[in-house]
Amino acid sequence: MFRLDADPALLRETEEQRQLRSVLRDFLAQTCGPEEVRKQADSPRGHDEVLWHRLADEIGVHGLAVPEEYGGAGGTFAELAVAMEETGRVLCPAPLLSTVVLAGHALLDSGDRQACERWLPGIADGMLTASVAGFPHPGGVTAEQGAGGWVLRGEADFVPDGAGADLLLVAARAPDGERLFACAPDPATCERTARRVLDPTRRQARVRFRGAPAEPVGEPGRAPDTVAGVLDAARAALAAEHVGGSAHALDAVLAHVVRRTQFGRPIGSFQAVKHRLADLLVEVEGARSAAAYAAACLAGRRTDQLPVAASAAAVACTAAYRLATAEYVQLHGGIGFTWEHPAHLYLRRARADEALFGTGDDHRLRLAGLLGLTGRTG
Amino acid sequence: MDGIPGPDEFRAQARSWLRTVAPARATHLEWGRGEDSVAVFENWTEDEERAHTERTRAWERVRHDQGWGALSWPAGYGGRELPSHYEQLYRAEESAFDVPRRTEIFPVTQQLVAPALRIWGTEEQKRRLLRPLLRTDELACQLFSETEAGSDLAAVRTRAVREEDGWRLNGHKIWTSGARVATWGVAVCRTDPDVPKHAGITVFLVRMDAPGVTVRPIRQMTGGSSFNEVYLDDVLVPDTDRLGPVGEGWRVALTVLAAERLDSGGLGLDNADRALDLARHLPRPLTDGERQQAADLFVRALVQRLIAVRVTSALASGRAPGAEASVGKLHATATMRATTDLVQQLLGPRLAADTGEWGTFAWTEHLLGAPGYRIAGGSDEIQRNILAERVLGLPKEPKGAGR
């Protein structure tokens, strides 16, 4: 039976985290406003490399949760979650989720020191972009040992930022079971096709491996645990992003309804509107609590509570983001339905993200299994 | 801070003290045996209510006298001046022991009325009443709502008229919990009908045994009675029992109501846990839809608890809790509704007709009681108004006649 054992101190933002949030919010307000996001989203790579390097060099976002021995700041996931929330708030198209959360955690969780020493410093200083393939949708890639070492064959789809990543960490079926491999994609052996995507601020690609050389990462037999841990970290990171995006939507709607006048009064003075915004606040505060708890489990290495915390955060935060983006459009009226208004970019992000690591209902089913909410099955 | 134990040390001290005065609660209640009541409101006769109140009061006195009662209050009131969230730390420990469950009159007395009296009371009132309230020698109920003043509390019509040696009260209050056992009532009265309605209000402390006070139980939709009507007919109240300045009663009432909102974040969690246990033990496999519904209730209850932890955490760091404190009651009533919905799905016909099976028809008490909390303590709609206007800063409704 699950018993909540959350240390109030872990749910509280530290002074350092508060400062990080304020610095990032100012920085992103200057560098990643709505116009900039659209410009980047329309660019071939999908993000601005200058901004990517500034985030790494000036603020050190990439290395926040990377241990010092691998070139990071040695912080915890709680700091990284602050960065995800703030970048999620502005829909910053930088490949942080793929590089820092997915690939970074795959390396860390693999327990492979050599692999960490080789690639984590590049991730921490922004010189390397990376992603994972075959994680939520495994089974499509096989690994075999040839004369010149391991090679990968098969296909992985929906790979986040997969077309541009310098390095792919691939979950593949090897003769001795599922294993993790690192592959620097070469067009000769790895064909990458950018998918047309619902959310232009977060790219996805289909990756076909045709005998692509790769190196094993971590011990045989460890990959399933690594994959599970990385997915839960990704869910916690997405939850933080959703909180940021939902909070932005709420702020934007608030600003609009006090300005917009109909029937001779601000529409924000109508109870029908006020109550909906109160309900949205209730959802957003719930999402914020669930996301903070998932981040605290990762920061405090409470791996026993992580699966429940991550799925609960996914349920609460996807629901909040759905509601927030629906209200973002609706309460702006016609202007909210235009291409020029940013609301649809958030709606796109909310729905596309939910497809990444499990929908709300997928996570409800998972929780029922984890918590024994199944009735008597025997 | 000198002399303040750390949280862990404090919890250990509380545990070892509790062991000397109370038996431990059975750690794993066996499913299918023992008490299966999930009543939201007690359905007691007056005698049962009195007996339970006496048991609880005896326990509260033990707590108070041995230094585990008014934890955050100054020593002069029997307290230890501990940070306010230590009360929650203590409660977490106490929940593992078999002690009388506090009915609503106790938090109303200790968490709502006593703090309001500390803020608004005269030195003489504080000396005379605070300690007896904290020790529950005196129990206080709220004489707030009236038939024509529910959500619009400032529309109260109960009149208090100044006389030579005090005030004469006449009116009719409703929805008062614990009126049958309370020794004091906190009455929101109109003292000046000629000024705007919020300005003409004054609050009085009324002896519940004073001549002219009549308590009549209300039978609520559960079939039982946990609320009362209170009639005030020419009740004389000395001016020394006026709480706060004349005409400032609205602010006094708001102090009590704010404390009530803060106190409601934990509502419904016990029954949500019980419904999840039902989902575990139901003698058939759940469908995928039912599993999702059960998991959704789990997430709601978890989120509600996390919000409470965040409030505690904010208080602990000396910060006033923000939005997280105000959203608690709306989360709580939603959890209660989701609990009903899950149980409805899992029990099917056994919720509608009593088969005599343990833990089945008993859920009708929850089903029928839960709607009450969407109305009591500030309706869901009033909570939304508060969030919209005070937290989100949206413009107020245009004022109707009388405002």
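Scope of the values below: all heavy atoms of this structure, side chains included, with no hydrogens, waters or symmetry mates.
Looking at A/Arg366, neither its backbone nor its side chain comes within 4.5 Å of chain B, counting heavy atoms on both sides. Contacts between A/Val273 and chain B at a heavy-atom distance below 4.5 Å are absent for every atom of the residue. The part of A/Val258 that comes within reach of chain B is its side chain, from C-beta onward, which places non-hydrogen atoms under 4.5 angstrom from that chain. Heavy-atom distances place the backbone of B/Arg284, and not its side chain, under 4.5 Å from chain A.
If you check the side chains of B/Gln304 and B/Thr335, you find a donor sitting under 3.5 Å from an acceptor.
With respect to the salt-bridge test (charged N to carboxylate O, under 4.0 angstrom), the residues A/Arg21 and A/Glu85 qualify. Using a 4.0 Å cut-off between charged side-chain N and carboxylate O, B/Asp296 and B/Arg300 make a salt bridge. In summary, B/Asp8 and B/Arg11 do not engage in a salt bridge, as defined by a charged side-chain N under 4.0 Å from a carboxylate O. Here A/Asp353 does not pair with A/Arg351 in a salt bridge; the nearest charged N to carboxylate O distance is not below 4.0 Å. One finds no salt bridge joining B/Lys329 and B/Glu260 here, because no Lys/Arg side-chain nitrogen approaches an Asp/Glu carboxylate oxygen to under 4.0 Å.
Interface summary for chain B: among A/Leu250, A/Leu277, A/Thr377, A/Leu373, the most heavy-atom pairs under 4.5 angstrom belong to A/Leu373. When the candidates A/Asp362, A/Val284, A/Asp279 are compared by the number of heavy-atom contacts under 4.5 Å with chain B, A/Asp279 comes out ahead. Here A/Asp361 is the residue among A/Leu370, A/Asp361, A/Asp251 with the most heavy-atom pairs under 4.5 Å with chain B. Ranked by heavy-atom pairs under 4.5 Å with chain B, the first of A/Glu283, A/Glu13, A/Gln271 is A/Gln271. The residue among B/Leu392, B/Val299, B/Leu330 with the most heavy atom pairs within less than 4.5 Å of chain A is B/Leu392. Most heavy-atom pairs under 4.5 Å with chain A, from the set B/Asp380, B/Leu346, B/Asp288: that is B/Asp288. The residue among A/Ala290, A/Ala312, A/Gly268, A/Ala313 with the most heavy atom pairs within less than 4.5 Å of chain B is A/Gly268.
Judged purely by atom type and a 3.5 angstrom limit, A/Ser269 has no side-chain atom pairing as donor or acceptor with the backbone of A/Arg265.
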Can you check side chain to side chain donor-acceptor pair (under 3.5 Å) on A/His341 and A/Tyr328, steps first, answer last?
CA-CA 10 Å; A/His341 197 277; A/Tyr328 196 177; 4.7 Å; no

